[in-house]
J.: 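The structure is given below, and queries will be raised subsequently.
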Amino acid sequence: MGSAGMTGGSELVAEDISVTFATRRRDAGHRALAGVSLGVRPGEIVGLVGESGSGKSTLGRVIVGLQQDYTGTLRFGGEVLAHRRTRAQRRAIQMVFQDPYASLDPQMTVWKMLEELLIVHGIGENREARRARSEELMRLVHMPPTLLDTRPAGMSGGQRQRVAIARALSVGPQLLVADEATSALDVSVQAGIINLFADLRAEIGLSILFISHNLAVVRSLCDRVAVICQGEIVEEAETRAVFDAPRHDYTRQLLAAAPDLP
Amino acid sequence: MTEVMIEKKRAGLMSRIGRTGRRRGNTHLLIGAVIVGLIVLMAICAPLLTRYGPIDQDFTATLQGPSWTHLLGTDNLGRDLWSRILFGARTDLFLATVAVAAPLVIGTAIGALSGYFGGWFDTIIMRIADIVVAFPFYVLVISLVFIMGNGVGSIFAAISIVSWVAYARIVRAETMVLSSTDFVDALKVGGLGSGRIVFRHLVPNVVSQAIVYAMSDIVANIGVIVTLSYFGMGIVPPTPDWGSMMADGQPFFAGGYYGLMVVPAAAVIVTSFGLSLVGDGLANVLRVKR
Amino acid sequence: TRASAADTPQKGGDLIMLRAEQLRTLLPSQPTDNASIWPIEEVFNTLLVPKQDGSGVAPSLATSWEQSKDGLDWTFHLRHGVKFTNGQEMTSKDVKFSIEETSKPSSPFAFINAAITKVTTPDAYTVVIHTAKPFAPLPADMAIFANSIVPYDYAGMTPEAFSKKPIGTGPFMLKSWTPGVEATFERNPNYWDKGKPYLDSITFKVVADSNTRANEVQGGQAQIDEFPAFSSITALQNSGTAKIGTYASSRVDFLSINTQKKPFDNVDVRRAIASAVDKNTLVKVVLFGHGKPAGAYMSPSSWSHDPSITGYPYDLKAAKAFLAKSPVPDGFKATITVASGNSDQQTMAQIIQASLAKLGIKITIQTLDPSAAYDAKQNGNYDMGFSYDTTDIVDPDEIIRFTGSYDGGSHGLYSFYKNKEIDSWIAKAATLNDQDARQKIYFKVEKAWNEAQPLVPLFYTPELYAYASNVHDFHPFVTGNYNLADVWMSK
Amino acid sequence: MNGAGMATRKTDGPAGAGGERASAGQAPLLEIDRLCVSAHINGQDWRALENITLRVDRGETRGLVGESGSGKSLTLRAAMGLLPGSLSVTSGAIRFKGRDLLADGGKAMAAVRGTGIAMVFQEPAVALNPVMRVGRQITDSVSARRGWGRRQAREFAVELMDQVGIRDPKRWVEAYPHQLSGGMRQRVMIASAIACGPELIFCDEPTTALDVTVQSQILKLFSKLQADLHAGFLYVTHDLSVVAEFCSSLSVMYAGRIVEQSDDLKAMVQAPVHPYTRALLGAVPRIKGPIQRLRGLSSSAPPLTERSQAPTAPLAEVSPGWQVAPASPEEVELFETGVQAWEAQA
Amino acid sequence: MLRFLIRRLLLLIPVVVGVATLTFMLMHMTPGDPARTYLGDRASPQALAALRHQWGLDQPLWRQYLAFMGGLATGNLGQSMFFHDSIVSLLAIRLPPTLLLMAIATLFSILISVPLAVWMALSRGGAVDTAVRSFNSVAQGTPLFFTGAVLIAVFSLKLHWFPVAGYGKTFGEHVVSLILPSIAVALVIIPFLIRGLRGALIDALNSEFVNFAKAKGLSRRAIWTHYALRNAAIPGISILGIQVGYLAGGSLVIENVFAIPGMGTFLMKGILNRDFPVVQASALIFALLVIFVYLLTDIAYGLFDPRVRVK
Ligand SMILES: Nc1ncnc2c1ncn2[C@@H]1O[C@H](COP(=O)(O)OP(=O)(O)OP(=O)(O)O)[C@@H](O)[C@H]1O
Ligand SMILES: Nc1ncnc2c1ncn2[C@@H]1O[C@H](COP(=O)(O)OP(=O)(O)OP(=O)(O)O)[C@@H](O)[C@H]1O
Ligand SMILES: [Mg+2]
Ligand SMILES: [Mg+2]
């Protein structure tokens, strides 16, 4: 995948990130993130778990640049990410969303979607090159390239999510933020996507910040896990450590609540 | 109870008024399209379908009832009603359709931008919309017709100035709904510019509601044109137009010359009927696609 | 017997008259609109009244009058025992006050009294009016609504207050008035003409839409429709519940041609247009046969009308010949301005448009709302348009001036036709006492206008009313006066 | 329906109609017998459910799992007589305590709803009437049945809300659904489902929309209710681990059929027979035990209109109470080898 | 609730100012001179000038505008130029007929639409459903003045059931006179209302909460009244609000056809006369009427829909 333009090996470091949402009533506002620090090393999959409303998505949005109102520093590959990012910086960090039905433009074929991004970012000098790259991307996400010319309308959730991943990969990111990317899917389809993430990491050295409320999924995919509670990271460690020997009460609560097969 | 919520509901409803049934969309569309198609065809082929010019006067044959020489009879100037109906279709349908196109385009653009960007732009647009909506429609239209003089141009302008608001509201609400899903975020993360997001992604996805509404809007526009003619502020004579035909025919109505008023009224009603069927059908077809 | 019962006036009844326009004021010196004038004539009396056929004037509050030898003084002898509705007796003091009110420059009808220099009151029942020059039309001017007799100093009220609570000597008095909606007048029980009026009350109600007016009369909800559209006549006649009354009127309808504009400054162009207007068809199609094609510009209801002038007959060949002589032999483009909502004008415009097209004159019809159309004509900002005139007095002076003279008030009914000679003839005629001498001059004026055709006289239009079959003796005057004191309703 | 015995406000204990009590001991609570449901789409009938055979006994908690679109909800709705207009039962029987619910034109079904069978829906946000106070929604059916007044109904609502673990129920009884959190709404739904003292409770993914911690509370609540009410539960979910937590027996559906079911959930989970069950279990990530690569399925089951319309063989008994549908070679291919082949595709 | 009302009322200010300004601009841009229109043919230039001065039309436009807005701020709507009466007292006569017309029309619309919509929702695709929907399409395309003319021809002139036109003297007469015009107006509203209600009812009947209600064993009646109708009422109210808002414009037409001395004829005459104060005031009243109806709608919303109710 050299042609994907991945230089491999930039580390994301988020330091002391805080986000406060203005609320109508109180002047103080609602503190969604309170001084969060987190790092994602090259080729690493970091899980971010926590309850609903704990601030997972907010952190993800800060990292990809959708949430521009934050304090703290973001560094990627050593350089500070300003609030307004350069095109290259934007390309480097991409995102996959929860709902594959809402995040794809239903009016466009997969090829149109990919081509648009490739054109905007000046990737591929002509149509043939872009087409070739799109086909390559489809294969990368384990989709038959023949589906390029169809619209998402007829596709299953799993297929759509693969298209969404292909779209994110098309601009050659080094870090992928996956926000609940599998929680809308069936178990068996989820398993396929999780395997895909694992494969992408293995094949092209992609780093992934994997946001989920499902502990079991995080456990099966991630190298490291951060547990977030009310805007603060309460525990962060190697996956095995978190699951086998949780140190924080909140983590233990979560683990106790998670159902499991006998 | 936030303004946004109310606004959303209201606009959502406005687009919803234009819809009805569920499964029968295609039959509706078909019947409607046939009716409208026939009328349009008749308008286009008008000269082939009649021996008389729409403004040819014949004072030896005024106020005649239907006969083989004059299919629908004649008016007080001895003009053939059938010809006037045919040629009137040209005037009214053309004007009504054109007067829908401009507000559709402008309203959609403004609504999409307003819904996407929000902020002060949105506030200003929505306040302007409030004023236009609250302003008595016919006062605006009549004043504009007075200012600009009678005729096609001023009717077109008057309708456009008023009716972009409905489109803007519908599109704005839909855009806001769409923007609150991951849809826009996904595009932003991809690095697309706002213009591209709004016009290449949002507009194509929300415009269908506006188009459905446009069908009922054409009907409404025919109503406005006809009513303006009724007030004597419509199409300038002798251009045939259903509205002025009705207005001119009304004094003869009570005298038993029903045709002079009823025939153009029937033309208006049948056309509107066809168009609203098309609207219904489109609403269903477009909804299925969603 | 039945016949006599039907002929004998009965007392009682509430009459509703529908009209297109609102009553604006009841102050006699103020109104310029018929909607106000005609009700004023029911509330107030003038010294004299027009004869119904317009042939002259008859006594009213003045029982007799005479002109002095030098022609400068007119003496009027007042009727005794006439009471205002507030109980006060009407005397010369009131007459003097009334005439002076109307003579004030702020009164729009001051021009009517322009010849008057002084009003004196030798005694309570005698009024002498002095003029600078002998002024033949004076008795006619004393029969105009503007010179209605109001109590001295408006019985102590301000003019505004008086307008809302008028006090007159007329057959009816104001009962209630909702501005812009309706006004009801009830019988004046002390009316000096004993036995009259017959009606208990009359209500003037505004109904803007002519179809609705026709419907209401047809449905028995109202008795008189003031302005039935000519096109609705058949409907009303067929209905069986309403009658159509056509009354001689002073109204003449014209096609005004703006002679300030090219090519209308050319007389041949105007004659070509005149020859291409088929007046017979207009009468047939627009008036549905009521009315007559017009020749001279004065109405046949006046003695000043010259019956020998027949205008330009409809003749397209002649029209082409005229046009060929003009600077625009192949035709030109022009507009006819019509008032929106006026279907008669629109119909006429379309007929003339079709006819002129045959001469190569391409006409665009421009509809302006009445106010704007009015403005356009006043400002000479139009090519051709429709106008009409009517007179408020029986003497031809007012109307021949208004229509025929550049400075008569309307610049020759908006034709802007300027002819010093004609103007001087008209001025001269007013100073003559001899009607024959005046008639000769007026015939001359009409001939000159006929030659020049700045106005194409279209037709002499009857006054048209639709009224319920149980309304009797409804005979409006040529001047428009309803004369409702004579009207009665059978049960 | 308004027998003397019904006047009790107790929710523990069977509250069926008096006449049926005698036979209640013998027949299973719910028996779905070769139920077929077809959908009318574009003028054609398609099989949506095929020969569904299933039992729930008193005190039993049966899980019904399968991927999205496999027909789980449809099964529940058919058994409740709530099929949407375009769907209809073509054959088969649904028996509640031995009585055929489809027999007399829906009357039996109507009689059994609420009192005999209750249902908890997946999305409490849309299944509660947004314009009615929750207290009233909990008790409207029971107070209509028993002719209760407002006050009595309110007291009962408070009691039920307390029973489903809503803290400070007096405060919330007058609230509207939108004022409640997702967990509370689900509790309200459960409260109104148990209001009439049903003997059988259907649950259609009642915790899918909830947070893990809330989910575990709700599951605990179900366990408690099951013990208290001694009712039967038919619990639909796509999450096998939830089922394992809560259920005693399990049925697995795939494409409108039951492919495997057993009265002993543990046994079946440990040694699944049908390739689809195996694939499904292989796809579930685990909280404990060794971390393994999951098994992703190549694709979901085809939509109704693309499914094979050939009749399927009946379930075969593996052991008493454990039935399996015979798997065709294609299915074996799809669920076993297909997984790897597809994963490798690229 | 109070806060909400205050907020809404504050929001009115820009709309009122906007409407007032727009009317002012429009009226002064329109060709045609009120003084000339008032005085007619025979007016002398002096009389014209005097009248213009009296009406303040000789002042610079911005001064007239300021005077107008100033008057507005103090609640002084001025004097009608043509009726020599204060606008406020004229409005006091003109407003009631229009309000009554709107009220009766609204009542008719509801009384006709609700049962029909229920029937249609029950018999979806049936004969009634199809018939009413076709009727809707026809009604929607029928010009208001034509409906009026036909109603008069049939019910007044042929059958003599109702007065042809007018407003009557007593309240009873008012109501009777307004029945035909109200029906004509209601026929404009009904198609939209029926469509909206029918759709909303079908949506409600297909909703999960109705399924849940059925699952609870509730009776059909209870489901219809407490679940379907109450939820369908919410969009119903909204549509009614929008339509009644449009209705304000329709009164211009229908009052003319039925000669009702209401706001519509007042405004129309004002425009034709160039009676600036009348036009400005009545346009404003119409705008306020529309806004007021919307406000009522929103309040009704709050009553029917607890989700938008303010805590
Ligand atoms: N745009 C916003 N405006 C105001 N508050 C917000 C906004 N976005 C998020 N919040 C609030 O910030 C907090 C964190 O939200 P966030 O979406 O990051 O949570 P999450 O962990 O992703 O939850 P979930 O699992 O439900 O997705 C929540 O309380 C939420 O209500
Ligand atoms: N109203 C309907 N009309 C036609 N087909 C329907 C309808 N409702 C459901 N179906 C079809 O029936 C099948 C089973 O649907 P069902 O809702 O029972 O699935 P499920 O197993 O509950 O899935 P999920 O986990 O997504 O809830 C699906 O293929 C679906 O497309
Ligand atoms: Mg989130
Ligand atoms: Mg389901």
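Sequence lines set the chain letters: A, B, ... in the order given, protein chains first and strands last, and positions in each chain run from 1.
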J.: Does atom NZ (D:Lys266) have a neighbourhood of more than 12 heavy atoms from anything else shown, all under 6.0 Å?
T.: no

J.: Does D:Asp239 reach the side chain of A:Val187, with side-chain heavy atoms less than 4.5 Å apart?
T.: no

J.: Does A:Asp186 reach the main-chain N or O of D:Ser68 with its side chain, forming a donor-acceptor pair under 3.5 Å?
T.: yes

J.: Decide yes or no on side-chain contact (heavy atoms from CB on, under 4.5 Å) for D:Thr213 and A:His213, but give the supporting numbers first.
T.: CA-CA 10 Å; D:Thr213 39; A:His213 65 265; over 6 Å; no

J.: For D:Lys220, is it the side chain, the backbone, both or neither that has a heavy atom under 4.5 Å from a heavy atom of chain A?
T.: neither

J.: Which answer fits D:Leu280, side chain, backbone, both or neither, if we ask what part of it has an atom under 4.5 Å from a heavy atom of chain A?
T.: side chain

J.: Verify, without hydrogens or angle tests, whether A:Arg219 (side chain) and D:Arg286 (backbone) share a donor-acceptor contact under 3.5 angstrom.
T.: yes

J.: Name the option with the most non-hydrogen atom pairs under 4.5 Å to chain A; the candidates are D:Ser216, D:Ala244, D:Ser241.
T.: D:Ser241

J.: Using 0.5 Å steps for rounding, measure from the OG atom of A:Ser188 to the OH atom of D:Tyr276.
T.: 5.0 Å

J.: In Å, rounded to the nearest 0.5 Å, how long is the span from OG1 of A:Thr239 to CD1 of D:Ile291?
T.: 6.5 Å

J.: Could you tell me whether A:Gln230 atom CD has more than 12 heavy atoms of other residues or ligands within 6.0 Å of it?
T.: no

J.: Out of A:Pro259, A:Ser183, A:Ala258, return the one with the most heavy atom pairs under 4.5 angstrom to chain D.
T.: A:Pro259

J.: Heavy-atom cut-off 4.5 Å, strictly under: side chain, backbone, both or neither for D:Gln217 against chain A?
T.: neither

J.: Roughly how far, to the nearest 0.5 Å, is the CD1 atom of D:Ile287 from the CG atom of A:Leu215?
T.: 4.5 Å

J.: Side chain, backbone, both or neither: which part of D:Val242 has a heavy atom under 4.5 Å from chain A?
T.: both

J.: Just by modelled atom types, is the D:Arg293 backbone N or O under 3.5 Å from a matching donor or acceptor in the A:Asn195 side chain?
T.: no

J.: Which heavy atom in A:Val217 sits nearest to a heavy atom in D:Pro285, and how many Å separate them?
T.: CG2-CG, 3.7 Å

J.: Run A:Glu51 and D:Val212 through side-chain contact (heavy atoms from CB on, under 4.5 Å) and show every step you take.
T.: CA-CA 7 Å; A:Glu51 262 185 319; D:Val212 244; 5.5 Å; no

J.: For A:Arg240, I'd like to know if atom CZ has over 12 heavy atoms of other residues, nucleotides or ligands within 6.0 Å.
T.: no

J.: I need the D:Lys288 NZ to A:Leu255 CG distance, nearest 0.5 Å.
T.: 8.5 Å

J.: A:Gln190 versus chain D, heavy atoms under 4.5 Å apart: side chain, backbone, both or neither?
T.: side chain

J.: Between A:Ala256, A:Ala198, A:Ala257, which shows the greatest number of heavy-atom pairs under 4.5 Å with chain D?
T.: A:Ala257

